[in-house]
Amino acid sequence: MSLQPPPSVVPGAGAGRAQVPLEPGHSMMDWMRLSQRKGSALAGCRPHRVTPEELAAHADPRQGDVWMALAGKVYNISPYLKFHPGGVDELLRGTGIDASKLFCEVHPWVNVESMLEKCLIGPLVGPSSQNLGHMLQSQNTLGTPSEKARPKTAATLTVPGAPVTITVSADAPATAPEPARAVVEVPRRDWYQSQGKISAVVYTRNLAVTADDITVLLDASTLQINFALATSDYQLLVQLTHAARPASHSVAVKSSCVVVTFDKRDPAMQWSSLGTPLQETLANREQSQVIDTPSRPEECECTVTGIKEVAHDSKLFTLRLPEGKAFEQLFGLGQHLRLQMKGLSGVVYRNYTPVTLPLGTQADASSPTIQLLIRLYSDGAMSQCLQGLAAGDHVKLTTGLGPVYQPPQGVKQLIMLAGGTGVTPMVQLLQRAACDEGFPAATLLYFNRREQDILLKDELAQLQAQYPDRCTVHHVLSQPHEQWTGCRGKVGVDLLRGRTPAPGPATAVVVCGRPGFTAVTLGLLPRLGHSTDRIHAFT
């Protein structure tokens, strides 16, 4: 799935629209010089109010100037035709009609009022000319069929490393629809750049989306966009091509398009692509375990009150929340936080899922503290910051990130597959399973390389002994020592089949680990018979 620049902005491979060679003297800079020239008047007539009938009469360039209505204003676009990077024919799709919706689907980021200021004729008055314009489209032999006239086909959203592959259907009527399977439309993506800034665009296909539905997280190397659609939740996580200035973003919603604009760290750097998509999910609420978050993400400053070594390379950090804040206010089940610290080369951000210890006790939802179980790496930027922390130090957090997990209705058995530090959200689920009889019983398969890499080994063993009917734990090592009596190997069909409850309507699966582990595991689960609407991956 390409995140290459749109040809209308940056030369190169396109993202679905072809760029045509422009004649000499017809670049975007040439257009800006022409349109900004003092005394230039490109409207071709005196300013006046335009009716739909008059607009429709200016649809064919063979019969004179061509006009287009955008955002309630009518422009003479004839002077601009040869400057359009997408070609004359592409632009003629919107002549003689109110092309606002079509324009926003293709170029939601463009400030049309500035670009076509000298081409303005006047406001569009009277009833909308959309229907009349669509009828005239078939007569415009120089144009191409409108988007609505093009046949729609089924599509599949398949992203490497994505939690679920979702088959979706577009607008074409289905001959035999499956009543139990909801239709989900896949948002389309694009991007563009200007001097010093990058803009990522997501076409939601939902006119009701607002800025309140959108959450954006931006650090120097990654961009995450989350928003709620009518019946589904969308998340996009991108590893950026070059460095961004953290927290410099702004969000705009134009028609059905979400535009996230942020600053480049190096304003002079020309990006060849937005970056590599690490994850893209579209979860239908009727079929998945994703529900609305109880509260919006919130930034706060916490105080370090304790640091405890729990493994040879891992520590448990206890943080006190600001006065008046409690755990239940900031986190739902399975949600994570973003930790921000100042490193040697700038601000460092990492995501962590809080844990609640000791295991086997009902968590105090009103607790003013949170605990983070973090594996430290000798060459890790965040690890180096954390190594220098001491009691009394302050750190900044963004809390309540990601979806809240809720098992699908009717589920009695919850399979948890975790790799390394991916066990942290599973700790929350194990706590709930142990202390809440209404929550599904839990079976955890915890994958690590060596025995010393297992986090909370004693605590997990004690929990299983205390709640044998509610919590089952299997440790799986890929590099065990000779005396190891537990499971050996890596995640695979045979290993999972022999140690987990059978798939079915009463069984759900959750997965968390490094991207490679998650991708492999999610690929195996359907082969075992697990339905995708019973699978959830924590990110």
Side-chain angles (χ1 to χ4, degrees), residues 306-318 333-334 352-364 367 369-376 405 407 412-492 494-502 507-514 517 521 538:
I307 302 175
K308 178 183 178 181
E309 187 169 310
V310 294
H312 69 99
D313 59 355
S314 303
K315 294 182 179 181
L316 181 70
F317 295 82
T318 302
L333 187 64
Y352 300 105
T353 302
V355 297
T356 49
L357 299 176
L359 293 176
T361 59
Q362 183 69 48
D364 183 5
S367 172
T369 64
I370 57 175
Q371 297 170 301
L372 301 179
L373 180 57
I374 301 176
R375 175 159 284 159
L376 304 176
Y405 178 76
K412 303 298 183 183
Q413 295 285 338
L414 184 62
I415 301 171
M416 300 185 295
L417 307 177
T421 54
V423 75
T424 52
M426 309 306 181
V427 169
Q428 293 186 19
L429 302 183
L430 283 169
Q431 285 278 42
R432 181 69 65 86
C435 302
D436 183 355
E437 290 289 337
F439 198 81
T443 299
L444 170 66
L445 268 69
Y446 187 18
F447 295 82
N448 285 282
R449 288 190 301 165
R450 303 165 300 173
E451 185 174 8
Q452 58 263 44
D453 296 327
I454 300 175
L455 299 177
L456 305 177
K457 184 173 183 288
D458 294 339
E459 289 85 350
L460 292 171
Q462 182 178 351
L463 182 71
Q464 181 173 231
Q466 187 176 355
Y467 299 93
D469 297 330
R470 302 289 301 159
C471 302
T472 302
V473 179
H474 298 287
H475 293 289
V476 185
L477 299 183
S478 61
Q479 298 177 14
H481 53 73
E482 292 183 2
Q483 290 75 34
W484 175 253
T485 57
C487 302
R488 299 167 178 254
K490 296 182 179 182
V491 61
D494 293 337
L495 190 150
L496 295 178
R497 182 181 288 121
R499 294 169 178 83
T500 58
T507 304
V509 187
V510 291
V511 182
C512 189
R514 287 182 173 272
F517 172 85
T521 304
F538 291 105

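Owing to the predicted nature of the structure, the values given are computational and were not obtained by experimental measurement. Numbers here simply count residues along the sequence, with the first being 1.
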Closest contact, heavy atoms only, [X] versus [Y]:
{"X": "Ala433", "Y": "Ala442", "answer": "CB-CB, 3.9 Å"}
{"X": "Cys512", "Y": "Phe538", "answer": "SG-CB, 3.9 Å"}
{"X": "Leu417", "Y": "Phe517", "answer": "O-CE2, 3.9 Å"}
{"X": "Gly420", "Y": "Asn448", "answer": "CA-OD1, 3.6 Å"}
{"X": "Ala508", "Y": "Tyr405", "answer": "CB-OH, 4.1 Å"}

For the [atom1] atom of [X] and the [atom2] atom of [Y], what is their distance to the nearest 0.5 Å?
{"X": "Leu463", "Y": "Thr472", "atom1": "CG", "atom2": "OG1", "result": "10.0 Å"}
{"X": "Met426", "Y": "Leu456", "atom1": "CE", "atom2": "CG", "result": "13.5 Å"}
{"X": "Thr421", "Y": "Leu455", "atom1": "OG1", "atom2": "CG", "result": "7.5 Å"}
{"X": "Gln371", "Y": "Thr353", "atom1": "CD", "atom2": "OG1", "result": "13.5 Å"}
{"X": "Leu477", "Y": "Lys490", "atom1": "CG", "atom2": "NZ", "result": "12.5 Å"}
{"X": "Gln428", "Y": "Gln431", "atom1": "CD", "atom2": "CD", "result": "9.0 Å"}

Would you indicate whether the side-chain heavy atoms of [Y] and [X] approach each other to under 4.5 Å?
{"X": "Val491", "Y": "Val476", "result": "no"}
{"X": "Val355", "Y": "Leu316", "result": "yes"}
{"X": "Thr424", "Y": "Tyr352", "result": "no"}
{"X": "Ser314", "Y": "Arg375", "result": "yes"}
{"X": "Leu430", "Y": "Tyr467", "result": "no"}
{"X": "Asp313", "Y": "Leu376", "result": "no"}
{"X": "Val427", "Y": "Leu373", "result": "no"}
{"X": "Leu496", "Y": "Ile415", "result": "no"}

Take a 6.0 Å sphere around CD of Gln452 and say whether it holds more than 12 heavy atoms from other residues, nucleotides or ligands.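 Correct, the count exceeds 12.
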Please check if atom CZ in Arg488 has more than 12 non-hydrogen atoms from other residues, nucleotides or ligands closer than 6.0 Å.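 Above 12, so yes.
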Test salt bridge (Lys or Arg N to Asp or Glu O under 4.0 Å) applied to Asp494 - qualifying residues, sequence neighbours left out: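 Result, salt bridge (Lys or Arg N to Asp or Glu O under 4.0 Å) vs Asp494: Arg497.
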Taking salt bridge (Lys or Arg N to Asp or Glu O under 4.0 Å) as the test, write out the residues that go with Arg450, two or more places apart.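 Expected list: Asp453.
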Is there a side-chain contact (heavy atoms from CB on, under 4.5 Å) between Leu495 and Leu445 once you walk through the steps? CA-CA 10 Å; Leu495 190 150; Leu445 268 69; 3.6 Å; yes
So, does Gln464 use its side chain to make a donor-acceptor pair with the main chain of Val473 at under 3.5 Å?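 Yes: the side chain of Gln464 pairs with the backbone of Val473.
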Heavy-atom donor-acceptor pair, Thr507 side chain to Gln413 backbone, under 3.5 Å: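 No, the answer is negative, given that no donor and acceptor are paired below the 3.5 Å cut-off.
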Under the side chain to side chain contact (heavy atoms under 4.5 Å, CB included) test against Arg432, which residue among Leu333, Leu414, Thr356 passes?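 Looking at Leu333, Leu414, Thr356, the match for Arg432 under the side chain to side chain contact (heavy atoms under 4.5 Å, CB included) is Leu333.
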With Phe439 via ring-ring contact (aromatic ring centres under 6.0 Å, His included) - residues at least two apart: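 For Phe439 there are no ring-ring contact (aromatic ring centres under 6.0 Å, His included) partners, ignoring immediate neighbours.
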According to the interplanar angle, ranging from 0 to 90°, do the rings of Trp484 and His475 count as parallel (below 30°), tilted (30 to 60°) or perpendicular (above 60°)?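 Rings of Trp484 and His475: perpendicular, over 60°.
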